[in-house]
Amino acid sequence: MSYQGKFRVWRGDSEGGELKDYEVEVNEGEVVLDVIHRLQATQTPDMAVRWNCKAGKCGSCSAEINGMPKLMCMCRMNTFAEDEVVTVTPMRTFPVIRDLVTDVSFNYQKAREVPAFKPPADLKPGEYRMQQVDVERSQEFRKCIECFLCQDTCHVIRDHEENKESFSGPRFLMRVAELDMHPLDAADRQHAAQDQHGLGFCNITKCCTEVCPEHIKITDNALIPMKERVADRKYDPIVWLGNKIRRRPA
Amino acid sequence: MATGVDSPGRAQIGLKTARSDRWWLAPLRIGVILVFFIVYATIRIFMNKWYWVGEFHYLTPLYSPCLTSSCVEGSSHLGTWFGAFPRFLPFSLITFVILAGFRGTCYYYRKAGYRSLFFAPAACAVPEPHKTYTGETKFPLVALNLHRYFFYGALVFGLLNVYDGVQAFHGKDGGFGIGLGTVIIWVNLVCLWLYTLSCHACRHIVGGRLKNFSKHPMRYRYWTFVSKLNPKHGTFAMTSLFTVILTDFYIMALAAGWFSDLRIIN
Amino acid sequence: MTELERHSYDVVVIGAGGAGLRAAIEAREQGKKTAIICKSLFGKAHTVMAEGGCAAAMGNANSNDNWQVHYRDTMRGGKFLNNWRMAELHAQEAPDRVWELETYGALFDRTPDGRISQRNFGGHTYPRLAHVGDRTGLELIRTLQQKIVSLQQEDFEATGDYEANLKVYAECTITELMKDGDAISGAFGYWRESGRFILFDAPAVVLATGGVGKSFKVTSNSWEYTGDGHALAMRAGATLINMEFIQFHPTGMVWPPSVKGILVTESVRGDGGVLKNSEGKRFMFDYVPDVFRAQYADNEEEADRWYKDADNNRRPPELLPRDEVARAINSEVKAGRGTPHGGVFLDVSSRLPAEEITRRLPSMHHQFKELADVDITKEPMEVGPTCHYVMGGVEVDPDTASSTVPGLFAAGEVAGGMHGSNRLGGNSLSDLLVFGRRAGMGAATYVDQLQERPKVDEADVDAAATEALAPFELEGGENPYSIHQDLQQSMNDLVGIIRKEEEMERALGRLAEFRGRIAKMTVEGHRQFNPGWHLALDLRNMLTVSECVAGAALLRQESRGGHTRDDFPEMSPEWRKKLLVCKLDAEGHVNVTEKQQIPMREDLLELFEIDELKKYLTDEELPTA
């Protein structure tokens with residue numbers, strides 16, 4: 001049942017590094033993270049890897065496996081042929097710390113830039129009434145485990161470091177959408193989505209949706225609806241004209 | 001200075017992409033289809049002929065509605081609103097602008113086009129070749145936000161196409177008739193409508209823009225209906241592309257007399 | 001002098017799970033400059049693993065529910081060993097804490113009239129668990145995380161600095177607490193990323209480090225659960241209670257091996273899932289203990305009717321408290337009626353339509369599909385007991401969450417007493433919120449009343465640094481990974497779900513050997529993000545905690561909740577009166593002593609029928625009516 005698997009793992013830090021080849025035992029039913037752990041326990045005790053729950057619930061063990069952003073704990077070994085070389089590298093959009101561990105602080109910065117839920121002024125705790133159909137859209141986005149794979153794969157920042165300042169990335173644009181669709185949120189988020197969080201950078205090529213381990217339909221259910229909401233406010237000439245005539249700020 | 005995935009501070013892996021699968025296959029396939037359609041449609045709209053089969057009242061969707069006095073006799077269902085167009089101007093200009101506009105600003109085609117034609121990016125985690133990227137923040141791409149107006153236009157053209165479809169139940173003897181052409185036209189109609197109704201702008205307009213569904217039960221039902229179609233928007237987009245080409249080609253072939261229509265009734 | 005980074009705070013919270021974040025929110029709202037320290041990234045804490053829900057007697061699903069009923073359920077679940085004051089506060093305050101989350105932006109599933117929906121769970125009389133599908137823990141942690149961010153945004157508005165009053169130190173581990181005389185003066189630790197040392201100068205420290213599951217081989221807990229808070233508290237001179245009570249969750253995955261132990265939520269049973277052995281028999285009917293006969297059905301028909309009409313039928317025995325179910329599964333497997341991979345079947349596929357399963361249990365469906373390649377809408381799951389929760393922890397004052405050491409507070413799983421000998425499902429999330437807040441408040445009040453700020457002694461800092469670097473000093477010693485594996489195996493085999501005197505003595509012998517092995521282990525590489533070194537430091541804590549568990553388990557000669565003795569299978573009212581308290585002696589050895597429980601307040605005692613009390617209490621404790 002077990003075999004010697006061929007692994008190429010990137011070892012190094014911000015100064016440099018290289019892909020190193022390893023042969024390591026693989027058993028039935030294992031995932032990539034198990035094999036990385038076995039490497040750690042038997043050959044490379046100092047190999048840095050970030051992980052936590054091992055069940056796809058915490059989103060810590062994000063990496064790139066054969067070039068695709070994935071959670072190592074959710075990538076079963078039986079999806080590879082036994083003689084296939086499995087390449088594991090750190091996420092390539094964020095600065096590397098060591099081996100498979102990257103510095104994801106960019107995401108925490110962006111999280112701070114999204115204004116928090118603004119509760120309605122007149123409701124006390126316990127008085128909130130919301131219908132299931134009204135919370136469902138936002139609930140889908142709240143399934144997010146913040147693995148940041150969507151941020152990693154998004155070419156807007158992956159391929160263009162300079163866009164990091166003006167683009168929040170799919171995770172946090174989805175957060176804006178989540179709040180905009182929250183039935184009781186009292187803040188205006190549509191202008192900010194475009195102006196502060198860089199929704200316009202998104203060209204809906206859907207890689208965020210493709211890599212999402214929670215299978216959240218980020219593009220179809222969050223980003224595009226948000227683009228449409230922004231269009232309502234900013235790019236709809238009829239609305240624009242109406243506002244001009246009524247002399248109301250857009 | 002190194003940029004993109006090789007930017008300073010990031011892991012220096014030395015590979016553009018570590019993807020080992022055939023990631024280029026899907027964008028290549030879609031790219032070929034898109035290019036084929038663009039070439040075919042351009043040729044067709046400048047042909048200015050073979051769009052009407054008078055015997056069975058078949059009008060190709062690419063020329064519907066035909067509104068200029070240059071249109072062949074019988075093809076102008078709505079009358080001729082404009083005079084004769086000069087030779088270099090296609091009769092179907094308005095149709096083309098709306099339909100190409102609807103597809104060109106469509107969220108699915110945007111994805112397909114960016115991936116296959118502009119490689120931005122060609123596939124996930126594959127570096128794009130461009131030095132800078134501003135996405136849809138600046139002119140002209142910011143204009144893609146006008147999708148909804150093309151959607152409204154497409155709705156109007158969709159209705160015209162239904163009218164054309166009804167006309168296509170025309171027999172050789174003048175009464176009711178069905179031929180293979182009628183069937184193709186109706187298959188195309190269904191696909192076009194599925195594509196149009198599953199549109200993201202449509203989903204937004206019917207109900208997606210609301211904060212509270214529970215206060216608008218009817219619109220919630222519309223939204224739920226569109227939301228069921230919407231995940232297949234891409235499939236409908238590609239299928240309807242094929243059926244449009246098929247319909248147009250079939251009518252062109254009949255009009256040109258390359259072969260004759262297979263009649264089922266009359 | 002050791003080279004290090006220094007920070008000064010009013011309150012330092014160790015742990016960024018539900019309890020830690022709630023404590024930090026409270027401390028910050030009381031105007032205290034607060035630091036949150038977490039071993040992993042912000043928002044990854046083990047709380048995300050909680051699936052079922054958060055128990056609070058809001059009465060949304062059944063208006064008969066109130067805090068008294070919740071209190072009774074909690075005491076029954078804990079077999080009356082609970083600290084009654086904690087159970088009382090918990091039952092009273094849980095609804096407010098849940099409602100508060102909504103003001104932070106939480107989106108729970110709703111009832112048709114728009115209130116928070118509540119679901120059934122083992123041991124709870126009424127549907128009581130506020131939930132979001134089966135990812136309630138994620139909702140809770142994200143909500144609290146976002147509340148922290150919103151407080152930081154307020155500080156940014158006011159000062160221009162997000163981190164002026166509330167800062168998260170992620171991927172940072174505390175190895176030692178600093179003291180000035182009796183009182184806490186700070187905390188010493190290192191950055192996991194760089195390995196550099198860091199010192200927090202703070203008069204109040206809140207421990208919210210969670211549990212100890214990583215000392216066991218089969219566990220639902222993550223690598224973080226190494227009993228850090230338990231061990232830190234003991235080294236600082238505080239006491240632990242109830243350490244013999246470890247909850248084995250009845251349903252963990254048993255296959256494939258790499259995910260063995262990962263949790264299968266109790267909601268599967270709450271929503272209709274049943275347990276069957278390899279003969280296809282619904283065996284739980286054979287395991288209803290006498291104390292629960294009145295509340296649990298003895299035949300399948302009645303049990304099945306209960307899902308539709310809970311008021312007129314008794315509950316299905318699958319929903320007995322966790323300890324009962326875990327023991328039942330254990331017996332079935334031992335009797336040779338287990339599945340091929342050594343568990344039992346948990347079947348929901350024959351009980352609910354497929355779309356209902358995917359709607360109600362989305363993450364379970366996802367988990368089995370992706371990790372085990374099993375479609376739970378078509379086939380049964382294979383499950384078995386897994387080490388899940390430690391009821392024991394730091395002995396605290398119920399109202400302030402203060403330990404016996406001035407300035408040291410504890411909340412959540414690391415605190416002991418609230419759950420007695422066994423925790424009910426759903427009571428942990430509410431525990432986090434209720435006592436997290438109380439710990440934050442307790443710490444803030446303590447800081448306010450302080451006459452003079454305790455000082456950190458530089459010699460202690462140097463000693464802590466030397467201790468932390470010790471594993472690098474030796475060469476040619478054992479690798480920490482193999483010691484860890486042996487420790488887990490020993491605890492699983494010898495102090496596991498069923499315990500015997502002779503085995504536990506053997507365990508204590510082994511633990512003494514481990515102490516020697518740990519002193520001589522070697523870590524390779526350097527300090528920057530070195531998992532071998534991190535494990536080496538955590539091992540000390542796991543060992544201390546394991547000694548407490550084994551030591552206390554050996555002394556308690558009865559079976560109760562999460563402590564089952566093969567040689568003492570009965571529950572004894574005499575033992576109910578006693579708590580076992582663990583403390584380190586001058587040489588650093590664990591001492592376990594007995595302590596009398598404080599008798600329950602009379603008005604609380606009156607909430608129970610005398611017949612029920614007779615099952616748990618001695619005659620002299622019974623109210624004289």
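A, B, ... follow the sequence lines: proteins, then strands. Residue 1 opens every chain. Quantities reported herein were computed from a predicted structural model and do not represent experimental measurements.
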- [ ] Look at C/Val149, C/Asn530, C/Asp109, C/Asn479 and state which one has the largest set of heavy-atom pairs under 4.5 Å with chain A.
- [x] C/Asp109
Task: Heavy atoms of other groups near C/Lys217 NZ, more than 12 under 6.0 Å - done: no
Task: When A/Ser105, A/Pro120, A/Cys75, A/Cys53 are compared by non-hydrogen pairs under 4.5 Å with chain C, the top option - done: A/Cys53
Task: Backbone N/O of A/Ala116 and side chain of C/Gln153: donor-acceptor pair under 3.5 Å - done: yes
Open item on the list: Using modelled atom types and a 3.5 Å cut-off, is there a donor and acceptor pairing between side-chain atoms of C/Tyr481 and backbone atoms of A/Pro45?
Closed with: yes
Task: Spacing of SG belonging to A/Cys144 relative to CG belonging to C/Leu138, to within rounding of 0.5 Å - done: 8.0 Å
- [ ] Sort C/Pro112 into side chain, backbone, both or neither according to what part of it lies under 4.5 angstrom from a heavy atom of chain A.
- [x] backbone
TODO: Below 4.5 Å from any heavy atom of chain C, which atoms of A/Asn52 appear? Answer side chain, backbone, both or neither.
DONE: both
Task: Criterion side-chain contact (heavy atoms from CB on, under 4.5 Å) on A/Val104 and C/Leu41, from CA distance to verdict - done: CA-CA 9 Å; A/Val104 292; C/Leu41 291 172; 3.8 Å; yes
Task: Toward chain A, the part of C/Tyr104 with a non-hydrogen atom under 4.5 Å - done: backbone
Task: chain C contact via A/Ala111 - which portion, at a heavy-atom distance below 4.5 Å - done: backbone
Task: Part of A/Ile145 within contact of chain C (heavy atom distance under 4.5 Å) - done: both
Open item on the list: Can you tell me which portion of C/Thr143 sits under 4.5 Å from chain A's heavy atoms? Options are side chain, backbone, both or neither.
Closed with: both
- [ ] Answer yes or no: is there a donor N or O on one side and an acceptor on the other, between the side chain of A/Gln139 and the main chain of C/Leu107, under 3.5 Å?
- [x] yes
Task: Matching residue for A/Lys57 among C/His46, C/Arg135, C/His366, C/Glu51 - test: side chain to side chain contact (heavy atoms under 4.5 Å, CB included) - done: C/Glu51
- [ ] Just give me the residue among C/Glu524, C/Gln146, C/His526, C/His484 that pairs up with chain A most often, heavy atom to heavy atom, under 4.5 Å.
- [x] C/Gln146
TODO: Quick one: which of A/Pro183, A/Pro115, A/Gly56 has the most heavy-atom pairs under 4.5 Å with chain C, could you say?
DONE: A/Pro115
Open item on the list: Could you measure the distance from the NZ atom of A/Lys54 to the CG atom of C/Leu371? Nearest 0.5 Å is fine.
Closed with: 8.0 Å
TODO: State whether C/Glu163 and A/Arg112 are salt-bridged, where the test is any N-O pair (Lys NZ or Arg NE/NH1/NH2 against Asp/Glu carboxylate O) under 4.0 Å.
DONE: yes
Open item on the list: Using modelled atom types and a 3.5 Å cut-off, is there a donor and acceptor pairing between side-chain atoms of C/Lys44 and backbone atoms of A/Ser60?
Closed with: no
Task: chain C contact via A/Pro125 - side chain, backbone, both or neither, heavy atoms under 4.5 Å - done: both
Open item on the list: Closer than 3.5 angstrom, by distance alone: can the side chain of A/Arg76 be matched with the main-chain N or O of C/Glu370 as a donor-acceptor pair?
Closed with: yes
Open item on the list: Using a 4.5 angstrom heavy-atom cutoff, name the option from C/Met49, C/Lys39, C/Arg192 with the most pairs to chain A.
Closed with: C/Met49
Task: Electrostatic pair A/Arg50:C/Glu171 at N-O distance under 4.0 angstrom - done: yes
- [ ] Would you mind checking which part of C/Ile262 comes under 4.5 Å of any heavy atom in chain A, side chain (CB onward), backbone (N, CA, C, O), both or neither?
- [x] side chain
- [ ] Counting only heavy atoms closer than 4.5 Å, note whether A/Glu28 contacts chain C via side chain, backbone, both or neither.
- [x] both
- [ ] Measure distances from C/Phe108 to the heavy atoms of chain A and classify the residue's part below 4.5 Å as side chain, backbone, both or neither.
- [x] backbone
TODO: Using a cut-off of under 4.5 Å on heavy-atom pairs, state which of A/Val135, A/Asp103, A/Leu123, A/Asp134 scores highest against chain C.
DONE: A/Val135
Open item on the list: With heavy-atom distances below 4.5 Å as the criterion, would you say the side chains of A/Asp46 and C/Gln528 are in contact?
Closed with: no
TODO: For A/Arg129 and C/Gly114, indicate whether the former's side chain and the latter's backbone hold a donor-acceptor pair under 3.5 Å.
DONE: no
Open item on the list: Between A/Gln131 and C/Asp113, do the side chains contain a donor N or O and an acceptor N or O under 3.5 Å apart?
Closed with: no
Open item on the list: Between C/Lys260 and chain A, with a heavy-atom cut-off of 4.5 Å, which part of the residue counts as in contact: side chain, backbone, both or neither?
Closed with: neither
- [ ] Decide yes or no for C/Gln145 and A/Tyr108: does some side-chain heavy atom of the first lie under 4.5 Å from some side-chain heavy atom of the second?
- [x] yes
Open item on the list: As an exercise: rank C/Met253, C/Glu224, C/Lys147 by heavy-atom pairs under 4.5 Å with chain A and give me the winner.
Closed with: C/Glu224
Open item on the list: Suppose we screen for ring-ring contact (aromatic ring centres under 6.0 Å, His included). Which residues come up paired with A/His182, at least two apart in sequence or across chains?
Closed with: A/Phe117
Open item on the list: Please find the pair of heavy atoms, one from A/Val101 and one from C/Phe529, that lie closest to each other, and give the distance.
Closed with: CG1-CE1, 3.5 Å
TODO: Check whether A/Lys118 gets within reach of chain C through its side chain, its backbone, both or neither, counting any heavy atom under 4.5 Å.
DONE: neither
TODO: With a 4.5 angstrom heavy-atom cut-off, could you sort out which part of C/Trp533 is near chain A: side chain, backbone, both or neither?
DONE: neither
Task: Heavy-atom donor-acceptor pair, C/Trp223 side chain to A/Trp51 backbone, under 3.5 Å - done: yes
Open item on the list: Looking at A/Glu146 and C/Arg142, is there a salt bridge between them, counting it only when a charged N and a carboxylate O are closer than 4.0 Å?
Closed with: yes
TODO: Specify which of C/Gly133, C/Gly532, C/Pro531, C/Pro256 makes the most heavy-atom pairs with chain A at under 4.5 Å.
DONE: C/Pro531
Open item on the list: At a 4.5 Å cut-off on heavy atoms, which part of A/Pro213 comes close to chain C: side chain, backbone, both, or neither?
Closed with: backbone
Task: Contact origin within C/Tyr162 toward chain A - heavy atom pairs under 4.5 Å - done: side chain
TODO: Using a strict cut-off of less than 4.0 Å between a Lys/Arg side-chain nitrogen and an Asp/Glu carboxylate oxygen, indicate whether C/Glu139 and A/Arg142 qualify as a salt bridge.
DONE: yes
Open item on the list: Report which part of A/His37 has an atom under 4.5 Å of a heavy atom belonging to chain C: side chain, backbone, both, or neither.
Closed with: neither
